[in-house]
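All remarks here apply to the structure that follows.
None of these values were measured; they are calculated from a predicted model. In what follows, every chain begins at residue 1, and chains take the letters A, B, ... in the order their sequences are listed.
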There are 2 protein chains.
Amino acid sequence: MKELLLASVPFRFDGRLWLQGPDDRFMGIGRLQLLEHIAVLGSISQAARAMNMSYKRAWDLVSSMNAQVRTPLVQTQTGGRRGGGAGLTPAGEQVVAEFRAMHDRFAAFLAAETARLYS
Amino acid sequence: MKELLLASVPFRFDGRLWLQGPDDRFMGIGRLQLLEHIAVLGSISQAARAMNMSYKRAWDLVSSMNAQVRTPLVQTQTGGRRGGGAGLTPAGEQVVAEFRAMHDRFAAFLAAETARLYS
DNA sequence: AACGGTTATATCCGAACAAATATAACGACG
DNA sequence: CGTCGTTATATTTGTTCGGATATAACCGTT
């Protein structure tokens with residue numbers, strides 16, 4: 001195989017994939033992971049803590065996502081047993097599943113490119 | 001085919017691809033286009049103007065790229081017939097060709113994902 | 001010898017973005 | 001009814017990034 005100059009230096013192949021709305025970004029790996037944490041932990045604040053993210057940033061992201069679709073992805077509740085909480089709506093779970101699949105294919109693409117680089 | 005929720009909203013698939021060094025970014029679409037402009041126009045300042053980029057930013061990018069490899073990608077000359085100039089070294093041309101090919105494959109991946117989304 | 005366009009470099013400034021902080025409302029539960 | 005953890009929101013602070021600006025050095029060309 002041809003000698004690739006880029007293969008001779010220790011650079012890491014990296015990339016990002018996202019869905020862009022008219023104004024804001026709608027979905028990306030950060031927002032996806034946030035949704036996945038919310039689904040597991042049941043609250044925005046716990047998800048933020050788990051990701052070492054400020055609550056404000058997490059709330060802003062959730063607000064941005066919910067504002068860009070008809071049916072919100074995250075449904076919240078203030079007050080109550082655990083002080084409140086949040087979870088994914090069916091629409092939210094569907095978006096997570098679909099974008100996770102896209103992102104996994106992207107990861108495969110990156111791996112293939114890396115393999116091509118060092119072959 | 002299965003109904004995709006994401007297909008029902010006007011979101012644009014987008015993404016970025018780059019090569020990351022230990023500290024700085026090494027190559028991305030912006031740096032690639034800058035190198036391509038330098039190759040055609042023969043100077044950093046003209047390339048910057050053509051891309052509506054400040055000369056400082058263009059020079060910083062060139063400096064960053066050159067600093068991360070043994071043989072520089074851009075060779076420059078101060079003073080002279082046209083006041084000076086810049087051009088790609090053989091290493092620079094090789095990097096441009098290789099990363100351009102990678103980026104074209106990435107564009108094809110994005111197109112395929114978009115097609116899958118709206119099929 | 002002056003000129004012109006470029007490289008090379010330092011400094012300052014403004015915008016954008018996220019972190020930090022503060023506070024109110026909420027509602028089950030003890 | 002007070003407590004607690006959460007949502008919801010505003011305000012301030014800090015940092016980072018790139019733009020703007022200025023200046024010096026360089027060297028064919030005139």
Side-chain angles (χ1 to χ4, degrees), chain A residues 16 18 20-35 37-68 71-89 92, chain B residues 16 18 20-21 23-68 71-89 92:
Chain A
R16 281 294 176 92
W18 66 87
Q20 180 69 34
D23 297 329
D24 298 341
R25 181 166 300 192
F26 174 64
M27 187 55 54
I29 181 60
R31 291 164 188 245
L32 176 68
Q33 289 175 348
L34 177 61
L35 292 182
H37 276 89
I38 290 173
V40 170
L41 298 174
S43 91
I44 297 176
S45 59
Q46 284 188 45
R49 276 197 293 274
M51 299 178 68
N52 208 26
M53 174 186 293
S54 72
Y55 171 77
K56 177 183 181 297
R57 171 146 183 75
W59 190 89
D60 283 346
L61 291 176
V62 168
S63 170
S64 162
M65 288 184 276
N66 276 346
Q68 292 184 67
T71 33
L73 307 185
V74 176
Q75 137 261 2
T76 64
Q77 183 206 346
T78 71
R81 193 170 24 187
R82 299 163 50 212
L88 298 192
T89 64
Chain B
R16 282 292 175 94
W18 67 88
Q20 180 70 34
D23 296 330
D24 298 341
R25 180 165 300 192
F26 174 64
M27 188 55 53
I29 180 60
R31 290 164 188 245
L32 176 68
Q33 289 174 349
L34 177 61
L35 292 183
E36 289 173 339
H37 276 89
I38 290 174
V40 171
L41 298 174
S43 92
I44 297 177
S45 59
Q46 283 187 44
R49 277 196 293 273
M51 300 179 68
N52 207 25
M53 174 187 293
S54 72
Y55 172 77
K56 175 185 181 290
R57 172 144 181 75
W59 190 88
D60 283 347
L61 290 176
V62 168
S63 170
S64 163
M65 288 185 277
N66 276 346
Q68 292 184 68
T71 34
L73 308 186
V74 175
Q75 138 260 3
T76 64
Q77 183 205 346
T78 71
R81 190 172 25 186
R82 300 164 48 215
L88 297 192
T89 65

Phosphate OP1/OP2 of [N]: any [X] side-chain N/O under 4.0 Å:
X	N	answer
A:Trp59	D:dA8	yes
B:Arg49	C:dT6	yes
B:Ser45	C:dT7	yes
B:Gln46	C:dT6	yes
A:Ser43	D:dG5	no
A:Thr76	D:dA8	yes

So, does [X] use its side chain to make a donor-acceptor pair with the main chain of [Y] at under 3.5 Å?
X	Y	result
A:Asn66	A:Pro72	no
A:Gln75	A:Gln77	no
A:Gln46	A:Val40	no

Non-hydrogen side-chain atoms of A:Thr89 and A:Val74 separated by less than 4.5 Å: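 They are not in side-chain contact.
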From C:dT7, D:dG28, D:dT7, nucleotide with atom closest to B:Tyr55 side chain: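 Nearest nucleotide to the side chain: C:dT7.
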Touch class at under 4.0 angstrom, heavy-atom based, for A:Gly80 against every strand present: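 Since a base atom lies under 4.0 Å of A:Gly80, the category is base.
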Could you state the atom-to-atom distance from [atom1] of [X] to [atom2] of [N] in whole Å?
X	N	atom1	atom2	value
B:Ile38	C:dG5	CD1	P	20 Å
A:Asp23	C:dA16	CG	P	15 Å
A:Gln77	C:dG27	CD	P	8 Å
B:Leu61	C:dT7	CG	C1'	16 Å

Pick out the pairs of N or O atoms, protein on one side and nucleotides 18-20 of chain D on the other, that lie under 3.5 Å.
residue: D:dG18; atom: OP1; partner: B:Arg57; partner atom: NH1; Å: 3.3
residue: D:dG18; atom: OP1; partner: B:Arg57; partner atom: NH2; Å: 3.2
residue: D:dG19; atom: OP2; partner: B:Ser54; partner atom: OG; Å: 3.0

Most 5' of B:Thr78 and A:Gly83 on DNA chain C, judged by nearest nucleotide: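 Nearer the 5' end of the strand: B:Thr78.
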Gap separating the OG atom of B:Ser63 from the NZ atom of B:Lys56, nearest 0.5 angstrom: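 B:Ser63 OG to B:Lys56 NZ: 10.5 Å, rounded to 0.5 Å.
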Separation between NE2 of B:His37 and CE of B:Met51, rounded to the nearest 0.5 Å: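 Result: 5.5 Å between the selected atoms.
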Donor + acceptor pair across side chains of A:Arg31, A:Ser64 (<3.5 Å):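 Short answer, yes.
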